[in-house]
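Below is the structure I would like to discuss, written out as structure tokens.
Just follow the structure's listing: the first ligand is 1, and inside any ligand the first atom is 1.
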Amino acid sequence: MPTAYLDWNASSPVRPEAAEAMARALVAAGNPASVHNAGRAARALIEKAREQVAALVNAPADRVVFTSGGTEANALALSGFGADAAYSAIEHDAVRANLPEARVLPVTADGVLDLERADIAGMKLVAVMLANNETGVIQPVAEIAARAHAAGLRVHCDAVQAAGKILVDFAALDVDTLALSAHKIGGPMGVGALVVREKRAVTPLWLGGGQERGWRSGTPNLPGIVAFGAAAESARREIDAWSKLYAVRDHVIDMVESAAIGAIFYGRKAPRLPNTLSIGLPGVPAHTQVMALDLAGYAVSAGSACSSGKVGPSATLLAMGAGDNAAEAIRVSFGPATQAAQLEGFAAAYIEFARRRSSARAA
Ligand code: PLP
């Protein structure tokens with residue numbers, strides 16, 4: 001049996017349309033900055049992709065700045081804010097690590113930004129993600145944006161995990177900057193975008209030839225951007241398919257809960273993405289769970305593997321008050337191509353693993 005890939009939030013399978021568009025763009029000659037015919041053709045490909053990405057999030061095309069991924073998009077939005085910024089306690093490292101001196105805003109036990117306790121007074125920027133990568137919990141971005149704007153703050157939203165899975169509307173969210181990543185929507189790794197509301201709103205991370213209207217110098221990654229555009233276009237057309245996943249997700253929860261193995265579902269009471277489950281098994285380290293499931297043919301992830309692959313407690317679950325259990329949760333994430341049988345197989349394997357562990361401990 002081939003391994004069931006249940007780690008879409010880490011990276012989603014590349015869509016055939018994106019791979020084909022990328023292969024074609026890879027062999028096209030021409031630097032998009034050149035004035036000759038080949039250059040103009042390359043530029044037209046980038047501008048088409050800009051429109052496709054903008055359409056996915058209901059933004060004007062001329063506000064999309066292509067970057068090397070979600071991490072750079074976040075870093076660009078936050079550049080220069082330092083201690084004048086506040087962010088929710090569940091932000092991805094791509095936000096946290098760029099704001100080491102910032103104020104951290106608390107979340108509820110269900111992993112939702114706690115609007116009542118979110119003190120943004122005296123800040124210049126607030127960053128709140130749209131959907132959390134580990135729990136899938138959706139954040140009250142429009143609410144915090146309204147409050148922040150009334151107080152004169154800039155608002156940044158990391159929509160990397162939400163885009164393509166639920167409707168993301170840049171205009172309705174009313175944020176100043178919004179980060180996207182191609183490989184979370186069926187595009188290639190290493191390309192992303194920052195959507196920027198104002199004309200002079202971000203501080204470039206570096207300087208150079210002034211591409212992307214000066215905000216992101218460097219010859220753009222043409223094949224990656226073209227593939228990102230193709231992925232965005234099919235993600236936009238396919239958005240309804242994701243809403244069918246709520247029922248599948250809830251079926252997995254029912255299966256695991258009725259087996260009474262003591263599993264915890266994080267963010268259970270909050271609105272969440274249709275494709276993400278954060279499941280804790282108290283007493284069993286996350287990496288042990290991940291390895292056992294891998295052997296059983298299910299690729300899932302530990303809440304928070306850093307680049308070295310080492311698993312520590314999840315900062316998201318710690319912020320939600322999980323305490324020692326924060327290092328004992330796995331993330332299961334899937335997509336429309338995932339078969340219901342694969343998820344049922346996962347649930348059965350997880351239950352069996354948990355029972356084996358508890359009888360081994362009892363013996
Ligand atoms: N933001 C969130 C919420 C993410 O989940 C990720 C990737 O895991 C990133 C940002 C970083 O995106 P990229 O991998 O394109 O740098």
### Task
Could you check atom 5 (O) of ligand 1 against the protein and tell me its nearest heavy-atom contact, residue, atom and distance included?
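Going by distance alone, atom 5 (O) of ligand 1 is nearest to Gln161 NE2, 2.8 Å.
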### Message
I want to confirm something. Looking only at heavy atoms, which of Glu134, His92, Glu72 is nearest to atom 6 (C) of ligand 1?
### Response
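Shortest heavy-atom distance from atom 6 (C) of ligand 1: His92.
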### Task
Please identify which atoms of ligand 1 are closer than 4.0 Å to at least one heavy atom of Met129.
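Those qualifying, in numeric order: 3 (C).
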### Task
Report, in ascending order of atom number, the atoms of ligand 1 lying under 4.0 Å from any heavy atom of Asn133.
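Every atom of ligand 1 under 4.0 Å from some heavy atom of Asn133: 3 (C), 5 (O).
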### Message
Measuring from atom CG of Asp169 to atom CG of Leu130, what distance do you get when rounded to the nearest 0.5 angstrom?
### Response
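If we round to the nearest 0.5 Å, Asp169:CG and Leu130:CG are 10.5 Å apart.
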### Query
Say you draw a straight line from CG of Asp294 to OG1 of Thr3; how long is it, rounded to the nearest 0.5 Å?
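Nearest 0.5 Å value for the CG-OG1 distance: 6.0 Å.
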#### Entry: Atoms in ligand 1 with a heavy atom of Gly69 nearer than 4.0 Å
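Checking each atom against Gly69, I get 15 (O).
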### Query
Do the side chains of Leu56 and Ile185 get nearer than 4.5 Å, heavy atoms only?
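Result yes, sub-4.5 Å side-chain heavy-atom pair found.
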### Task
Consider only side-chain N and O atoms of Tyr350 and Gln289, and report whether a donor and an acceptor are under 3.5 Å apart.
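A pair is found: one side chain offers a donor N or O, the other an acceptor, under 3.5 Å apart.
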### Query
Among Gly187, Gly192, Ala94, Gly70, which one has a heavy atom closest to atom 13 (P) of ligand 1?
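Shortest heavy-atom distance from atom 13 (P) of ligand 1: Gly70.
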### Query
Heavy-atom contacts under 4.0 Å between Thr71 and ligand 1: side chain, backbone, both, or neither?
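It is both parts that get close, each with some atom under 4.0 Å.
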### Message
With a 4.5 Å cut-off on side-chain heavy atoms, are Gln161 and Thr276 touching?
### Response
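In short, these two side chains do not touch, never coming nearer than 4.5 Å.
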### Query
Among all protein non-hydrogen atoms, which one is nearest to atom 3 (C) of ligand 1, and what is the separation to 0.1 Å?
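Sorting protein heavy atoms by distance from atom 3 (C) of ligand 1 puts Asp158 OD2, 3.4 Å first.
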### Query
So which heavy atom on Asn221 is nearest to which on Gly190, and how close?
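So the minimum-distance heavy-atom pair works out to ND2-O, 3.6 Å.
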### Task
Distance to 0.1 Å, residue and atom name: give those for the protein heavy atom nearest to atom 7 (C) of ligand 1.
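Residue, atom and distance for the closest contact: Lys184 NZ, 2.8 Å.
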### Task
Would you mind telling me if ligand 1 is within reach of the side chain of His183, the backbone, both or neither, using heavy atoms under 4.0 Å?
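The answer is the side chain of His183.
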### Message
Closer than 4.0 angstrom, basic N to acidic O: yes or no for Glu143 and Arg147?
### Response
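Salt bridge between Glu143 and Arg147, a charged N being under 4.0 Å from a carboxylate O: no.
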### Query
Given that the side chain starts at C-beta and the backbone is N, CA, C, O, which of these parts of Met189 lies under 4.0 Å from ligand 1, counting heavy atoms, or is it both or neither?
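Neither; nothing of Met189 gets under 4.0 Å from ligand 1.
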### Message
Please classify the Asn74 to ligand 1 contact at 4.0 Å (heavy-atom distances, strictly less than): side chain, backbone, both or neither.
### Response
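Within the 4.0 Å criterion, Asn74 contacts ligand 1 through side-chain atoms alone.
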### Message
Under a plain distance cut-off of 3.5 Å, with no hydrogens placed, do Thr338 and Gln342 share a side-chain donor-acceptor pair?
### Response
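There is no such pair between these side chains.
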